[in-house]
2 protein chains.
Amino acid sequence: MVRAGLTAERLARAGAELADEVGFDQVTVSAVARRFDVKVASLYSHVKSSHDLKTRIALLALGELADRGAAALAGRAGKDALAALANVYRDYAREHPGRYDAARLRLDPATAAAGAGGRHAGMARAVLRGYDLAEPDRTHAVRLLGSVFHGYVSLEAAGGFSHSAPDSQETWTRILDALDALLRNWPAERPGPAERPGPAERPGPAE
Amino acid sequence: MVRAGLTAERLARAGAELADEVGFDQVTVSAVARRFDVKVASLYSHVKSSHDLKTRIALLALGELADRGAAALAGRAGKDALAALANVYRDYAREHPGRYDAARLRLDPATAAAGAGGRHAGMARAVLRGYDLAEPDRTHAVRLLGSVFHGYVSLEAAGGFSHSAPDSQETWTRILDALDALLRNWPAERPGPAERPGPAERPGPAE
DNA sequence: GTAGGTTACCTAAAGGCATTAGGCAATTCC
DNA sequence: GGAATTGCCTAATGCCTTTAGGTAACCTAC
């Protein structure tokens, strides 16, 4: 019996590859075992459960993403940095759809913090150093960037923007323009009418 | 033997309830059968497969969301409409997390179109009638709104903004302010330097 | 260099979900 | 009321997860 040399690390890597090939939801302890030509039960000495395996894949992906982000951000500022970081997420999702899905896995806060969780928020904060925003607007902006990046990339992956004009690439470019403009021109607090009108009554025209 | 009165419709509704209670990924043909106190195989006369069941739940959720959106938009314009539609998505996701997850299911284009697929884009377009945007910027803006709404709501559901200041509600309010400002002030094409600098060279400071 | 301990992978088994085939009972339609 | 139809059933297969306990390979030391 030749030993396969399994480790939690190698299992996660194999799972990540599998995810990119057949989809993250198809990643199963059995499938990974098959890939190593090993019996299923053998994996349970290295990972606690199917969920544990998936968590490790998620952490792997988050780490890779953070690495790419850090590399892309080095030596850039302002809109240049904004676009670079945004493209890291989008490109990663296109190159590694399974891993990107994995990165979206619900992690409990402790696990996320132990992994690359904080690095991502840190990168968004770094981008915003190129703009003139004080707290708490800086945090609001961090969350906006996260929302747009994640939202756009998932909708694009789901096929939301294919088969319809204009091109998804063009929209992406223009959205980055728009975000840049918005960050350079962040509105002061309370510029408009009531934020949250009741569901029935009509509080008058908005303008 | 008393008949349970199963229909695809009722199965989808039960599945939606189940999703909100225990999570969409826990929705299984077996679990729904249990809920009707019926044997698993019986469901297969009404739905083709597990995937078929999940698709029906997704379409149910998308329809409910579109109904709420239409109701919220009636008689509103401008920022008021923007906030109303945005809150529909966020509130729905908070009230019905399982259904909201279901609505995120990858649907093939034909299925999505047959359901409420188009209504959602239509609602975003309706909101944008309150702003001065011509094509193709209007489409870019539709996609931006979709990305922000979906992105924010999923990150919030994943717990991304809890346990940290400022409050998620405050960020949401300020993001809507910001989007309103952005839409009233949408930048013209090509305001900045190269959108996509190469990975290594540094094209100079952004400003 | 081989004895002992540890580690890595195995066999076996139980339990859950998805799916199909074929049967009988409840409803429906003349 | 009898025939046709429909609705739910039993039975069976196959894949997945997880645990318990066994055996063979490796490592350590004398």
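Quick caveat, the model's predicted, so the values are computed rather than measured. What's counted below: heavy atoms across the whole structure, side chains too, no hydrogens, waters or symmetry copies. So that the names make sense, note that chain A is the first sequence line, chain B the second, and so on, each numbered from 1.
A distance of 9.0 Å separates CD1 of B/Ile57 from CG of B/Leu11, quoted to the nearest 0.5 Å.
Ionic pairing of B/Glu17 and B/Arg13 is not present here: no N-O contact between side-chain nitrogen and carboxylate oxygen is shorter than 4.0 angstrom.
Looking at residues two or more places apart in sequence or on another chain, you find a side chain to side chain contact (heavy atoms under 4.5 Å, CB included) between A/Leu128 and A/Tyr131, A/Leu133, A/Arg138, A/Ala141, A/Val142, A/Leu145, A/Leu183.
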Practice prompt. Indicate for each nucleotide in nucleotides 14-20 of chain D, in 5' to 3' sequence, whether protein heavy atoms under 4.0 Å reach the base (B), only the sugar-phosphate (S), or nothing (-).
Written response: --SBBB-
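Spacing between atom CG of A/Asp37 and atom P of C/dA8 amounts to 19 Å, rounded to whole angstrom units. Going from atom CZ of A/Arg10 over to atom C1' of C/dA8 covers 13 Å, rounded to whole Å. Put simply, CG on B/Leu11 is 13 Å from P on C/dA18, counting in whole angstrom units. Across the protein-nucleic acid pair, B/Lys39 atom NZ and C/dG23 atom C1' stand 16 Å apart, rounded to whole Å. Counting to the nearest Å, the C1' atom of C/dA18 and the CD atom of B/Gln26 are 16 Å from each other.
Relative to the axis of its first five pairs, the axis of the last five pairs of the helix from C/dG5-D/dC26 to C/dC30-D/dG1 sits at 0°, rounded to 10 degrees.
Side-chain contact check for B/Lys79 versus B/Asp177: some heavy-atom pair is nearer than 4.5 Å. Residues A/Val29 and A/Tyr44 form a side-chain contact, since some pair of their non-hydrogen atoms from C-beta on lies under 4.5 Å apart.
Cation-pi check for A/Arg90 over A/Tyr92 is not met; the charged atom does not lie both under 6.0 angstrom from the ring centroid and within 45 degrees of its normal. At least one cation-pi condition fails for A/Arg34 and A/Phe36: the charged atom is not both under 6.0 angstrom from the six-membered ring centre and inside a 45 degree cone around its axis.
B/His46 has no side-chain polar atom (N or O) that falls below the 4.0 Å cut-off from OP1 or OP2 of D/dT6. Within the 4.0 Å cut-off from OP1 or OP2 of D/dC9, at least one side-chain nitrogen or oxygen of B/Ser42 is found.
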Worksheet item: Can you check salt bridge (Lys or Arg N to Asp or Glu O under 4.0 Å) on B/Arg143 and A/Glu170, steps first, answer last?
Response: CA-CA 11 Å; B/Arg143 292 173 175 178; A/Glu170 198 192 323; over 6 Å; no
